[in-house]
Protein chains: 2
Amino acid sequence: MDKLLIDNIRKHISISDDELDQLSPYFQSTSVDKKKFLLQQGDICRFEGFVLDGCFRIFSYDQKGNDNTLYFAAKDWWLMDNDSFLNQLPSELNMQALEDSTVLLIKRDDKMMLYEKMPIVEKLFRVMSQKALVAWQRRLIRNHCETAKERYTHFIQTYPDIASKIKDKQLASYLGIRHEFLSKIKKQ
Amino acid sequence: MDKLLIDNIRKHISISDDELDQLSPYFQSTSVDKKKFLLQQGDICRFEGFVLDGCFRIFSYDQKGNDNTLYFAAKDWWLMDNDSFLNQLPSELNMQALEDSTVLLIKRDDKMMLYEKMPIVEKLFRVMSQKALVAWQRRLIRNHCETAKERYTHFIQTYPDIASKIKDKQLASYLGIRHEFLSKIKKQ
DNA sequence: TTAAAGAATTGAACAAGTTCAACTTTTTAT
DNA sequence: ATAAAAAGTTGAACTTGTTCAATTCTTTAA
């Protein structure tokens with residue numbers, strides 16, 4: 001298994017080399033060309049992924065056709081559509097590569113099997129989900145109490161690596177503002 | 001164990017009566033008087049709770065002293081501060097009873113022990129966290145693509161039971177708007 | 001390498017939401 | 001039952017962010 005994924009997993013839980021070896025065969029390395037979609041709205045999500053290299057944008061479309069960026073996933077981030085993966089319903093999300101990328105994919109069936117056979121896998125994703133929950137709660141709060149400019153500054157300071165890979169239009173849709181307004185913010 | 005909690009758990013996972021019996025002793029029924037705090041900013045969170053009756057508001061204060069409502073927990077909802085509970089750091093949250101309430105509390109030490117001894121407990125909270133994640137993602141998207149009025153309408157239609165128990169001021173802070181503006185929205 | 005498409009910038013008019021202050025209504029504590 | 005405190009309402013002036021349209025700069029594809 002790739003060192004980057006091992007380190008990522010070990011940020012969350014203690015796990016033996018043996019256990020990692022058991023997991024390893026279920027992660028398949030895959031290339032995704034720039035602009036290609038790993039998942040598209042309407043698909044049923046049958047995988048989860050970990051980004052080894054490159055960058056993805058995860059977004060949905062609202063009624064008016066505006067796209068809304070849920071998050072970006074660069075190197076060392078996970079790609080998941082919890083809703084579609086868990087409930088096997090058509091996804092509302094798109095996962096698009098912003099540059100040529102490499103991901104490790106695990107199939108839903110394999111992951112479900114691992115949940116059954118290896119309690120530590122339950123633990124890993126329980127911990128990851130709880131941490132992610134905290135991050136989403138903080139992001140919502142920031143949306144309520146900070147101005148667009150403050151949110152912009154926070155983003156580029158917190159994720160400079162991602163900021164450098166994305167278009168301002170995409171960043172605006174992540175921040176929840178129009179790109180014209182982001183342009184005006186930047187001018188100041 | 002209370003029927004309400006059993007039904008809640010069985011919404012998420014399949015679990016035998018025996019297993020539920022094993023969990024049961026760790027949930028302690030507690031009364032919380034109206035206006036009392038189950039958790040206060042600065043406390044280290046050493047419990048998680050399930051609301052049997054009543055209603056709580058979970059909120060934090062920003063720099064300016066404005067309070068920001070993260071969520072409401074009425075009957076059949078869980079009370080958690082994942083950040084403080086997981087990392088044992090001082091909490092940024094307040095959990096205040098909006099009316100006389102009854103909760104089932106599980107202590108952190110007991111829960112951690114159950115995670116170790118009963119893999120199904122890992123599974124329960126893994127599933128619950130993943131579902132919660134989806135809900136938080138949707139809420140954020142709604143904040144981006146809907147107006148305050150639309151969010152208000154969505155809230156009272158989705159949670160009429162909660163809407164009836166809370167003050168407009170508290171609802172405004174959940175929606176991310178000033179209460180004066182909520183008042184203007186309602187006039188229309 | 002050039003044409004076409006997409007991304008970024010700018011300004012002017014506009015809409016959504018805030019602030020502040022004064023006032024009324026409801027709730028709470030004694 | 002009453003006084004005090006908290007919650008809700010309203011209006012006027014203001015700020016933040018949007019919309020639309022025109023223009024420029026950058027990237028992409030043939």
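The sequence lines fix the lettering, A, B, ..., with proteins before strands; numbering per chain opens at 1.
Applying the salt bridge (Lys or Arg N to Asp or Glu O under 4.0 Å) rule to pairs touching residues 51-62 of chain B yields B:Arg57-B:Asp67, sequence neighbours excluded.
If one axis is set at each end of the helix from C:dT1-D:dA30 to C:dT30-D:dA1 from five pairs, those axes are 70° apart, to 10°.
For the pair B:Arg178 CZ and C:dA21 C1', the interatomic distance rounds to 16 Å; values are reported in whole Å. The separation between B:Ile166 atom CD1 and D:dA7 atom C1' is 13 Å, rounded to whole Å. Between the CG atom of B:Asp168 and the P atom of D:dA7 there is a distance of 11 Å, given to the nearest Å. Between the P atom of D:dG8 and the CD1 atom of B:Ile177 lies a distance of 12 Å, rounded to the nearest Å. As rounded to whole Å, 16 Å separates atom C1' of D:dG17 from atom CG of A:Leu171. When the P atom of D:dT9 is taken as reference, atom CD1 of B:Ile185 falls 12 Å away, rounded to whole Å. In this entry the distance linking CD of A:Glu146 with P of D:dT15 reads 21 Å, nearest Å. To the nearest angstrom, P of D:dT19 lies 14 Å from NZ of A:Lys169.
When distances run from any side-chain atom of A:Ser183 to the nucleotides C:dT18, C:dT10, D:dG8, the shortest one goes to C:dT10.
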Problem set entry | Worked check of salt bridge (charged side-chain N to carboxylate O under 4.0 Å, His left out) between B:Arg138 and A:Glu92 | CA-CA 11 Å; B:Arg138 284 191 206 280; A:Glu92 294 167 14; 3.0 Å; yes

Problem set entry | Candidate pair A:Phe56 and A:Leu79, rule side-chain contact (heavy atoms from CB on, under 4.5 Å), full reasoning | CA-CA 8 Å; A:Phe56 288 80; A:Leu79 285 164; 3.8 Å; yes

For this session: Would you sort out whether B:Thr153 and B:Glu150 count as a side-chain hydrogen bond (donor to acceptor under 3.5 Å, both in side chains), showing the intermediate values?
Result: CA-CA 5 Å; B:Thr153 305; B:Glu150 289 167 334; over 6 Å; no

Please tabulate, for side-chain N and O atoms in residues 4-14 of chain B, each donor-acceptor pair with protein atoms closer than 3.5 Å (sequence neighbours left out).
residue, atom, partner, partner atom, Å
B:Asp7, OD1, B:Lys3, NZ, 3.2
B:Asp7, OD2, B:Lys3, NZ, 2.7
B:Asn8, OD1, B:Trp78, NE1, 2.9
B:Asn8, ND2, B:Asp76, O, 3.2
B:Asn8, ND2, B:Asp76, OD1, 3.1
B:Arg10, NE, B:Ile15, O, 3.1
B:Arg10, NH2, B:Ile15, O, 2.8
B:Arg10, NH2, B:Asp17, OD1, 2.7
B:Lys11, NZ, B:Asp76, OD2, 2.9
B:His12, ND1, B:Lys131, NZ, 3.2

Compile the donor-acceptor pairs under 3.5 Å between side chains in residues 31-38 of chain A and protein atoms, sequence neighbours left out, one pair per line.
none

Return a table of donor-acceptor pairs under 3.5 angstrom between the side chains of residues 175-188 of chain B and protein atoms on other chains or two or more places apart.
residue, atom, partner, partner atom, Å
B:Lys186, NZ, B:Asp168, OD1, 3.4
B:Lys186, NZ, B:Asp168, OD2, 2.4
B:Gln188, OE1, B:Lys149, NZ, 2.8

Look for any protein N or O under 3.5 Å of an N or O in nucleotides 27-30 of chain C and output each such pair with its distance, or none.
residue, atom, partner, partner atom, Å
C:dT28, OP1, B:Lys34, NZ, 2.9

Between the protein and nucleotides 11-14 of chain D, list every N/O to N/O distance that falls short of 3.5 Å.
residue, atom, partner, partner atom, Å
D:dG11, OP2, B:Lys187, NZ, 3.4
D:dG11, O6, B:Lys184, NZ, 3.4
D:dA12, N6, B:Lys184, NZ, 3.1

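Across residues 150-162 of chain B, not one residue has a non-hydrogen atom less than 4.0 Å from an atom of DNA chain C. Contact check of residues 136-145 of chain A against DNA chain C (heavy atom, cut-off under 4.0 Å) returns no residues at all.
Ring to ring, B:Tyr174 and B:Phe72 are close: their centroids are under 6.0 angstrom apart.
Atom-to-atom distance recorded for B:Leu140:CG and A:Tyr71:OH is 13.0 Å, nearest 0.5 angstrom. Rounded to the nearest 0.5 Å, atoms CG (B:Asn68) and CG (A:Asn143) are 10.5 Å apart.
Between A:Lys111 and A:Glu116 no salt bridge is recorded (no basic side-chain N to carboxylate O distance below 4.0 Å).
Of the N and O atoms on the side chains of A:Ser173 and A:Thr69, at least one donor lies less than 3.5 Å from an acceptor on the other residue.
When the ring pair (Phe, Tyr, Trp, His ring centres under 6.0 Å) test is applied to B:Phe59, the partners found at least two apart in sequence or on another chain are B:Tyr61. Applying the ring pair (Phe, Tyr, Trp, His ring centres under 6.0 Å) criterion to A:Tyr159, with sequence neighbours excluded, gives A:Trp77, A:Phe155. Taking B:Glu146 as the reference, nothing meets the salt bridge (Lys or Arg N to Asp or Glu O under 4.0 Å) condition, with sequence neighbours excluded.
Seen from the ring of B:Phe47, B:Arg108 does not count as a face-on cation partner, given the 6.0 Å and 45° thresholds.
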